[in-house]
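Presented below is the structure to which this report refers.
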Amino acid sequence: MILLLLVAVAYIACITAELNMRRLWAGLADDGFVAVPEADAELAELMLNWADTIRGNLVLATMVVFIIWFHRVRCNAGVFATDWFTNGTGMAIGAWFIPIGNLWIPRRVAVETWTASQADHLAGSRHQPTTPVNIWWTGWVASLLLSAVASWRGSRAETAGEVLAAADLMVAADAVAIVAAVLAILFVRRLTHMQHTKALALSQTPRTV
């Protein structure tokens, strides 16, 4: 959760740097040259590069830790409900690395883990709705797709107007990524609490010999 919070802060820094760079591009003169001091342009580029590098490193570290946590809660849920899952525990890791399939398979693992971690998993979504899972996953996929489109637009931009449009799209993608990070924090906190509560309840249940 701490890493996800840091990622959100890093995205805020990126948005700040992107808006600063956009301001410089918006100052293009009619003759096609940037009407800003060279020092300002270099500083803006430096800020953007540093923000992007820090964000990239934090995202990578968070992905590693998140997948480890994701596998752990899947294993825990397998103890709670042994016959509840479509695939084995390894899919909690492997699903993230399947091209295209990683857009929906991890969500299925998350939903099954969420349901198995309920106080009564046979009650289905009536007891603990899967809405938090669905909202988190929607935000995550939306941030990925929007970022990909923004990067594509930026790589093909040639005119000042196209650059500004790509910059606006990138800011929007980063804003969605911040929302996705916050939703992920809520998802992690809720699911961890659910599993802790269920494990505690099971430990206090008398065993029949």
Side-chain angles (χ1 to χ4, degrees), residues 1-12 55 57-98 100-147 173-209:
M1 288 189 292
I2 292 174
L3 281 172
L4 285 167
L5 181 60
L6 290 176
V7 166
V9 173
Y11 270 104
I12 293 175
R55 175 185 60 181
N57 290 332
L58 281 172
V59 168
L60 180 60
T62 304
M63 288 176 60
V64 172
V65 175
F66 183 88
I67 291 176
I68 292 173
W69 170 83
F70 196 67
H71 179 259
R72 178 176 296 178
V73 293
R74 165 60 183 85
C75 291
N76 293 342
V79 176
F80 300 149
T82 55
D83 299 326
W84 192 256
F85 293 88
T86 306
N87 301 106
T89 57
M91 189 58 69
I93 297 176
W96 298 96
F97 302 96
I98 300 176
I100 302 179
N102 55 14
L103 294 178
W104 73 82
I105 298 178
R107 177 201 166 273
R108 184 178 65 190
V109 177
V111 168
E112 291 178 346
T113 300
W114 180 276
T115 304
S117 301
Q118 296 178 16
D120 179 9
H121 64 277
L122 297 178
S125 59
R126 296 190 305 273
H127 183 67
Q128 287 281 359
T130 58
T131 304
V133 181
N134 295 328
I135 294 177
W136 157 66
W137 190 252
T138 300
W140 163 252
V141 173
S143 67
L144 288 180
L145 296 179
L146 196 56
S147 179
D174 289 349
V176 173
I178 293 172
V179 175
V182 173
L183 292 173
I185 292 174
L186 297 177
F187 167 66
V188 169
R189 181 178 180 182
R190 182 77 171 274
L191 181 54
T192 300
H193 176 72
M194 287 169 58
Q195 291 203 341
H196 177 75
T197 301
K198 185 161 187 174
L200 186 61
L202 291 175
S203 68
Q204 296 174 350
T205 302
R207 297 185 178 181
T208 302
V209 179

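Atom set for the values below is all heavy atoms of this structure, side chains included, hydrogens, waters and symmetry mates excluded.
- To the nearest 0.5 Å, atoms CD1 (Ile185) and CG (Leu3) are separated by 10.0 Å.
- For the pair Lys198 (side chain) and Ala116 (backbone), a donor-acceptor distance under 3.5 Å is present.
- The side-chain heavy atoms of Phe85 and Val109, taken from C-beta on, include no pair separated by under 4.5 Å.
- Within the 4.5 Å cutoff, no side-chain heavy atoms of Trp136 are placed close to those of Leu191.
- Legend: residues meeting side chain to side chain donor-acceptor pair (under 3.5 Å) with Asn87, ordered by chain and number and at least two apart, are Arg108.
- Between Arg74 atom CZ and Trp69 atom CH2 the span is 13.0 Å, to the nearest 0.5 Å.
- Two residues are said to be in side-chain contact when any heavy atoms from C-beta on lie closer than 4.5 Å; Gln118 and Met194 meet this criterion.
- Using cut-offs of 30° and 60° on the angle between ring planes, the pair Phe66 and Phe70 is parallel.
- Leu4 pairs in a side-chain contact (heavy atoms from CB on, under 4.5 Å) with only one of the listed residues (Val59, Val9, Thr62), which is Thr62.
- For Arg55, the salt bridge (charged side-chain N to carboxylate O under 4.0 Å, His left out) test picks out Asp52, Asp174, with sequence neighbours left out.
- One distance of note links CH2 of Trp137 with CZ of Phe187; it measures 9.5 Å at 0.5 Å rounding.
- Expressed to the nearest 0.5 Å, how far CD of Glu112 lies from OG1 of Thr130 amounts to 11.5 Å.
- With Gln195 contributing its side chain and Val73 its backbone, the two residues share a donor-acceptor pair below 3.5 Å.
- Looking at heavy atoms from C-beta onward, Arg107 lies out of side-chain contact with Trp140 at the 4.5 angstrom threshold.
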